[in-house]
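Throughout, protein chains are lettered first and strands after them, A, B, ... in sequence-line order, and every chain is numbered starting at 1. This one's a predicted model, so the numbers in the text were calculated from it and none came from an experiment.
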Amino acid sequence: GESVGLHLPTLSVQEGDNSIINCAYSNSASDYFIWYKQESGKGPQFIIDIRSNMDKRQGQRVTVLLNKTVKHLSLQIAATQPGDSAVYFCAENEGSNYKLTFGKGTLLTVNP
Amino acid sequence: EPEVTQTPSHQVTQMGQEVILRCVPISNHLYFYWYRQILGQKVEFLVSFYNNEISEKSEIFDDQFSVERPDGSNFTLKIRSTKLEDSAMYFCASSDQFGETQYFGPGTRLLVL
């Protein structure tokens, strides 16, 4: 089975609203998590990461929250813009440097 | 800003033919990876490479696949005898000395006919 999965396959928001994208993971040994953005026809683009010894990390307009108790990860995007429309993947590193395990992805659509 | 580059952007080949996908990782990175993404599906790990040898590989990475770092800048993925199910986007990635944040290239779209 999958060790990383997403609760919502699609999310549609209005421009200016905040977006929350969720991800569940099952491997308690995972110690590093990354959110990637993938636009159509392009490669995954790094957004933000978080280590398992943290529960929150903020970037520019983005915040990642990690709840290790329930093995849940979320990406919050503030003041969502049309350029944020893409598929968002969470990925986990299972304690090694050598591979990432990706979730299925959530399609975010921002309506003007 | 440094980035991972890949060539070609698109490759069409006949079943049974060999293909070589090329990547130039970010110059000071030490860890290199190949992933693939079948249309509409999630990104899947294929192989990682460090210090001129494979660090880890997935079940997908069978004897038909090989990787090589022929010089100080290129990193290649070879598929010896392509199958229809090899059709996918292939992404190269690299990470720095801490081996965690992986930066991806734009991908090569491989179509096997």
Does B:D71 have any side-chain contact (heavy atoms from CB on, under 4.5 Å) partners at least two apart in sequence or in another chain, and if so, which?
B:S73, B:N74
Counting only heavy atoms from other residues, nucleotides and ligands, does the tally under 6.0 Å from NZ of A:K56 exceed 12?
no
Heavy atoms from other residues, nucleotides or ligands near NZ of A:K42 exceed 12 (cutoff 6.0 Å)
no
Enter the distance from A:Q45:CD to B:E3:CD here, rounded to the nearest 0.5 Å.
10.5 Å
Shared hydrophobic cluster, B:Y50 / B:W34 (ILVMFWY, side-chain heavy atoms < 4.5 Å)
no
Step through the shown structure and confirm whether more than 12 heavy atoms of other residues, nucleotides or ligands are within 6.0 Å of CG on B:L39.
no
Distance-minimising heavy-atom pair for A:K99 and B:Y33:
N-CE2, 4.4 Å
Among A:G43, A:G41, A:P44, single out the residue with the greatest number of heavy-atom pairs under 4.5 Å to chain B.
A:P44
Is the CD atom of B:E85 crowded by more than 12 outside heavy atoms at less than 6.0 Å?
yes
Which region of B:F49, side chain (C-beta onward) or backbone (N, CA, C, O), has a non-hydrogen atom less than 4.5 Å from a non-hydrogen atom of chain A, or is it both or neither?
neither
Contact between B:Y35 and A:L100 at the side-chain level, heavy atoms closer than 4.5 Å - yes or no?
yes
For the candidates B:E44, B:M89, B:Q37, B:R109, which exhibits the highest count of non-hydrogen atom pairs separated by less than 4.5 Å from chain A?
B:Q37
If you count heavy-atom pairs under 4.5 Å with chain A, which of B:S9, B:G107, B:S55, B:G40 comes out on top?
B:S55
Compare every heavy atom of A:Q38 with every heavy atom of B:F91, then report the nearest pair and how far apart it is.
CZ-NE2, 3.4 Å
Hey, could you give me the NZ/OG1 distance between B:K42 and A:T101, rounded to the nearest 0.5 Å?
7.5 Å
Residues forming a side-chain hydrogen bond (donor to acceptor under 3.5 Å, both in side chains) with B:T108, sequence neighbours excluded:
none
Under 4.5 Å from any heavy atom of chain B, what part of A:I34 do you find: side chain, backbone, both or neither?
side chain
